[in-house]
Each structure stands twice: as C-alpha cells, then as structure tokens.
Enquirer: 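Here's a structure for you.
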Amino acid sequence: MTISLEQAQTIVRAALEHGTEQGFQPLTVAVLDTGGALVALGRQDGSGYLRPDLATAKAWGILGMGINNRALAARAADSPDIYTSLVALSGGKIVSVPGGVFIRDAQGTLLGAVGVSGDASLNDEAAALAGIAAAGLVSETGAEG
C-alpha cells in the first residue's frame with residue numbers, strides 16, 4: 001500500500017495553507033511514496049529554487065534509512081563519517097533536520113513521507129504535520145510527546 005495522488009495533493013495543499021496562515025516564509029512541499037518516488041510537489045511563490053531538492057531530501061532520507069529524522073540526526077552526530085558516506089551514496093538526498101515526516105494510515109502502515117522546506121526546520125515540520133492531518137493520516141516525527 002502506498003499514498004494516493006489525492007492524499008498527496010491534500011497534504012501539499014494543507015501544508016502550504018498552514019504555512020501561509022502562520023506567516024512562515026514561502027514553503028515547498030514534496031510527498032513521496034514508499035519507494036521514494038515523488039507523488040506531489042507544491043512550491044509557493046518566492047520559495048528558493050533549491051527548496052524542491054531540500055524538501056525531497058528530507059522525505060527521501062527517512063524513507064531510505066527507515067528511521068525518522070531525529071534518529072538520523074543522532075546517528076549523524078554519533079558517526080559523522082557514516083553520515084557523510086550516506087550523503088555521498090545518496091547523491092545528497094539525505095537531510096537530517098526536522099521537516100521530513102513519515103506518513104502512516106490509521107493501522108500504522110507506512111504510506112510514504114513528506115518533506116517541507118522554506119522556513120525554520122520546526123516550522124517546516126509543523127506544516128508537514130498539518131498537511132498529514134488534513135489528509136486524515138497519521139504522522140511520525142520521532143519527537144517526544
């Protein structure tokens with residue numbers, strides 16, 4: 001099972017709306033399926049041209065490693081040489097900061113991941129969470145609480 005186009009488009013739309021409502025800098029949102037393929041992407045006017053790559057890398061990295069971005073950041077801090085190798089092997093498609101969020105259904109099945117880039121990492125993550133919730137799905141960030 002993987003995320004549908006309709007679900008992905010809902011996530012993109014709602015994440016961008018959340019960013020606008022909160023006064024965030026212009027955002028870019030990328031939704032990937034479980035195989036790391038791009039399903040939907042949205043970029044607000046004024047969002048930098050590297051933002052699609054960053055948003056995709058936030059989602060792609062957690063999917064590729066099978067761990068949330070906080071766990072990925074902890075591993076990068078503990079083993080910088082391994083993290084550097086992962087970044088090189090992935091062609092730069094791994095970013096270990098908040099803004100990459102796993103997407104699950106109500107039963108906990110992994111459907112894909114969303115990556116958001118454009119503002120502070122925690123704001124990017126908040127937009128991703130809003131998008132996932134709007135699609136009626138469950139998010140996983142690795143944040144406690």
Enquirer: Whether K93 and D53 form a salt bridge (side-chain N of Lys/Arg under 4.0 Å from carboxylate O of Asp/Glu) is what I want to check.
Expert: no
Enquirer: Does a donor on one side chain and an acceptor on the other come within less than 3.5 Å for S4 and Q7?
Expert: yes
Enquirer: Do L27 and D124 have side chains that approach each other closer than 4.5 Å (heavy atoms only, starting at C-beta)?
Expert: yes
Enquirer: Would you check if R104 and L111 make a side-chain contact, meaning some heavy-atom pair closer than 4.5 Å?
Expert: no
Enquirer: Nearest 0.5 Å, please: how far is CG in L63 from CG in L110?
Expert: 6.0 Å
Enquirer: Measure the shortest side-chain to side-chain distance between M1 and D105 over non-hydrogen atoms and say whether it is less than 4.5 angstrom.
Expert: yes
Enquirer: Salt-bridged, R70 to E125, with N to O below 4.0 Å?
Expert: yes
Enquirer: List the atom of V12, the atom of V31, and the distance in Å for their closest heavy-atom pair.
Expert: CG2-CG2, 3.8 Å
Enquirer: Give me the atom names and distance for the closest heavy-atom approach of R51 to S117.
Expert: NH1-OG, 2.9 Å
Enquirer: Does some side-chain heavy atom of S47 sit less than 4.5 Å from a side-chain heavy atom of Q25?
Expert: no
Enquirer: Is there side-chain contact between V116 and T28, with heavy atoms separated by less than 4.5 Å?
Expert: no
Enquirer: Find out whether L86 and M65 are in side-chain contact, i.e. whether some heavy atom of one side chain is under 4.5 Å from a heavy atom of the other.
Expert: yes
Enquirer: What are the two closest non-hydrogen atoms of A40 and Q9, and how far apart are they?
Expert: CB-N, 4.2 Å
Enquirer: Testing I62, L89, L72 for side chain to side chain contact (heavy atoms under 4.5 Å, CB included) with I94, which one passes?
Expert: L72
Enquirer: Taking the side chain as every heavy atom from C-beta outward, state whether I82 and R75 have any atom pair closer than 4.5 Å.
Expert: no
Enquirer: Please identify which of these residues, D33, I11, L32, meets the side chain to side chain contact (heavy atoms under 4.5 Å, CB included) condition with V39.
Expert: D33
